Amino acid sequence: MSEKRRIIFHVAMDHFFTAVEEREHPQYKGKPVIVGADPKKGKGFVSTCSYEARNFGVRSGMSISKAWKLCPKAIYLPVNYELYTKVSDEIMDILRKHADKFEQLDIAEAFLDVTSKVKDHAEAEALARQMKREIYERERLTCSISIGPSKLVAKIASDFKKPNGLTVVKEEEAKGFLAPLPVHKLISIGRETEQKLKSIGIKTIGHLANYDPNVLTQVLGSWGTLLYLMALGIDSSEVGEKSQTKSISREITFEKGMSNFEFIQKALDRLSEEVHRDILRQNLFFKTVTVRFRYENLGTRTHSKTLFYVTNRLQDLKKMAKELMRVYLRSDNKVRLVGVKVSNFISTEKQKH
DNA sequence: TCTGGGGTCCTAGGACCC
DNA sequence: TCTGGGGTCCTAGGACCC
């Protein structure tokens, strides 16, 4: 008996933040809209931009000052997370009810396993269209859906037709579909790995798929094998709800390097308070505290300490952060960034047992 | 080219236990 | 005391993602 082929959807809302803003303010439609940091302050990033803004060369992730240079006439808006989260929750509810298994990736993206809901690709396409229709009717927003045999293929395919796109890649087409694409399209291949692969002559996913996996392992360590499988389109990872929170952190970058001990201490206190609020909200108890310093000349250092008990108390967090700072902070170098992180959680759920 | 901030996962050595 | 092997936890750093 052969395993039933999986049918996986990747759903991505089209330029989500600006689309919501345009819906709320119809007068913005057809104009370049940029959601992100305040360009007057010159610091920070473009979070999302409309297609009209993209025509000026603006991209998400770009520094806001660069966006300002490219398109000073654009409508610049701050990020209204509360609103976007509310809209996102509604959309995710629509998607969830069509899926056997559901996994939200971020505020605007999700994976669905719909294997038992459809009997072939024609039905899968019809389902995708129906979902698009429901989302549009309820929220007046469009999305792009890609259908694939795995999360890997569906996610990569979602770049192909945007906005309001629908892309299908069948299992037998997966290898050929991936082959001509550059390796960085594979998730977890960034700058570093791309360079390493380039140095042994690998530029496309097809090159990777035809390479000797032994050599890949020598160059990249144990996950060379994993990459090789990905290049062949093989990905058996399941669609599933996100696992529990592993860490909570806050950090802040100063305008200039600081050496004033008290100033840094105060910043750490404030960050600890913010982290603590999150801990209470999520009902978590932590064991490990990490502080992070970015120095002007030394790069970034992290220092952590693990308690032999769990706690959720602000005073414990502040005390540990302060201790780590006392022991490790280099007084001979100016600090550009400080951060506080807690991890090693025990949830209250588990504690009941 | 390092612009910010929030995460996840992996590696590797050392401590410690059996 | 170091002879092996295996496992887990702690700490630090790095790559990568959105």
Side-chain angles (χ1 to χ4, degrees), chain A residues 10 12-13 15-17 35-39 41-49 58-69 79 81 84 88 103-110 151-152 155-156 158-159 183-197 217 219-227 230 237 242-255 267 270-271 274-275 277-279 282 284 286-308 310 320 324 327-328 336-346:
Chain A
H10 177 264
M13 298 307 296
H15 58 104
F16 184 52
F17 294 177
V35 174
D38 183 353
K41 290 190 181 151
K43 235 176 68 166
F45 289 80
V46 174
S47 189
T48 316
C49 56
V58 179
R59 297 284 179 273
S60 58
M62 180 180 274
S63 72
I64 202 77
S65 51
K66 191 169 177 195
W68 182 257
K69 271 182 209 137
V79 183
Y81 273 112
Y84 312 149
S88 169
E103 177 179 343
Q104 187 171 344
L105 271 175
D106 62 28
I107 196 163
E109 276 180 57
K151 286 161 72 172
L152 171 81
K155 167 89 173 145
I156 294 172
S158 80
D159 275 352
V183 282
H184 71 249
K185 289 279 177 186
L186 290 177
I187 190 141
S188 83
I189 294 192
R191 279 268 141 78
E192 293 292 316
T193 313
E194 190 182 14
Q195 283 309 313
K196 275 186 198 162
L197 291 173
T217 314
V219 177
L220 298 166
S222 64
W223 72 295
T225 322
L226 260 170
L227 277 190
M230 280 165 68
S237 63
K242 264 276 162 76
S243 58
Q244 282 213 320
T245 308
K246 301 276 167 55
S247 68
I248 295 172
S249 62
R250 290 289 183 282
E251 58 186 52
I252 183 151
T253 304
F254 304 133
E255 300 282 320
R270 273 197 307 277
L271 295 169
E274 283 183 37
V275 167
R277 267 198 290 278
D278 257 25
I279 290 168
Q282 296 192 48
L284 297 168
F286 63 91
K287 275 180 84 180
T288 304
V289 173
T290 305
V291 298
R292 199 168 131 89
F293 301 114
R294 173 128 69 223
Y295 297 99
E296 273 192 329
N297 307 316
L298 282 172
T300 306
R301 293 287 130 89
T302 65
H303 307 283
S304 63
K305 179 116 184 90
T306 300
L307 289 165
F308 55 86
V310 291
M320 284 171 79
L324 285 163
V327 176
Y328 293 105
R336 279 279 286 163
L337 168 153
V338 294
V340 177
K341 173 167 96 167
V342 295
S343 55
N344 225 336
F345 296 128
I346 311 265

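Keep in mind the model is a prediction, meaning the values are calculated, not measured. Every chain is numbered from 1, with letters handed out A, B, ... down the list of sequences. We use all heavy atoms of the structure for the numbers below, so side chains are in, but hydrogens, waters and symmetry mates are not.
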(request) Determine the interatomic distance between P on C/dC18 and the same-named atom on B/dC2; round to the nearest Å. (result)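 These two P atoms come out 23 Å apart once rounded.
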(message) Roughly how many Å apart are C/dA12 and B/dG4, using the C1' atom of each and rounding to a whole number?
(response)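 Result for the C1' pair: 23 Å, nearest Å.
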What contact category does [X] fall into here, base, sugar-phosphate, or nothing, at under 4.0 angstrom with non-hydrogen atoms?
X      : value
A/I64  : nothing
A/K66  : nothing
A/K287 : sugar-phosphate
A/I189 : sugar-phosphate
A/F16  : nothing

(message) Which nucleotide, if any, forms a Watson-Crick or G-U wobble pair with C/dC18, using both distances under 3.5 Å?
(response)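 Because both required distances fall under 3.5 Å, C/dC18 counts as paired with B/dG5.
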(message) Once you measure the plane-to-plane angle for A/Y84 and A/F17, does it fall in the parallel (<30°), tilted (30-60°) or perpendicular (>60°) bin?
(response)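 Answer is parallel, since the angle falls under 30°.
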Do any side-chain nitrogens or oxygens of [X] fall under 4.0 Å of OP1 or OP2 in [N]?
X      : N      : result
A/K196 : C/dA15 : no
A/R301 : C/dA12 : no
A/H303 : C/dT11 : no
A/T306 : C/dT11 : yes
A/R250 : B/dG6  : yes
A/K246 : B/dG7  : no
A/S63  : B/dT1  : no
A/K155 : C/dC18 : yes
A/S65  : B/dT3  : no
A/S249 : B/dG7  : yes
A/T253 : B/dG4  : no
A/T193 : C/dC16 : yes

Let's see if you can work this out: which of [options] has an atom nearest to the side-chain heavy atoms of [X]?
X      : options               : answer
A/I187 : C/dC10, C/dC17, B/dT8 : C/dC17
A/D106 : B/dG7, C/dC18, C/dA12 : C/dC18
A/L337 : B/dT8, B/dG5, C/dC17  : B/dG5
A/S304 : C/dT11, B/dG7, C/dA15 : C/dT11

For the pair made of [atom1] in [X] and [atom2] in [N], what is the distance, rounded to whole Å?
X      : N      : atom1 : atom2 : result
A/F45  : B/dG5  : CZ    : P     : 9 Å
A/E255 : B/dT3  : CD    : P     : 13 Å
A/Y81  : B/dG5  : OH    : C1'   : 9 Å
A/E192 : C/dG13 : CD    : C1'   : 13 Å
A/Y328 : C/dC10 : OH    : P     : 15 Å
A/L220 : B/dT11 : CG    : C1'   : 14 Å
A/E109 : C/dC17 : CD    : C1'   : 11 Å
A/E103 : C/dC18 : CD    : P     : 13 Å

(message) Given 3.5 Å as the limit, does a donor-acceptor pair link the side chain of A/S88 with the main chain of A/I107, or not?
(response)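 Here the side-chain-to-backbone pair exists.
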(request) Answer yes if the side chains of A/T288 and A/T306 hold a donor-acceptor pair under 3.5 Å, and no otherwise. (result)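 A/T288 vs A/T306: donor-acceptor pair found between side chains.
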(message) With no hydrogens and no angle check, just 3.5 Å: does a side-chain donor-acceptor pair link A/R294 and A/T300?
(response)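 The criterion, which ignores hydrogens and geometry beyond distance, is satisfied for A/T300 and A/R294.
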(request) Quick one: closest heavy-atom pair of A/S60 and A/S47, and the distance? (result)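 Shortest heavy-atom separation between A/S60 and A/S47 comes out as CB-O, 3.2 Å.
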(request) Any chance you could lay out the side chain to side chain contact (heavy atoms under 4.5 Å, CB included) test for A/K305 and A/V289, step after step, and finish with the verdict? (result) CA-CA 6 Å; A/K305 179 116 184 90; A/V289 173; 5.7 Å; no
(request) Flag the pair A/I252 / A/R270 as yes when at least one side-chain heavy-atom distance between them is below 4.5 Å, and no otherwise. (result)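 No, too far: nothing below the 4.5 Å cut-off.
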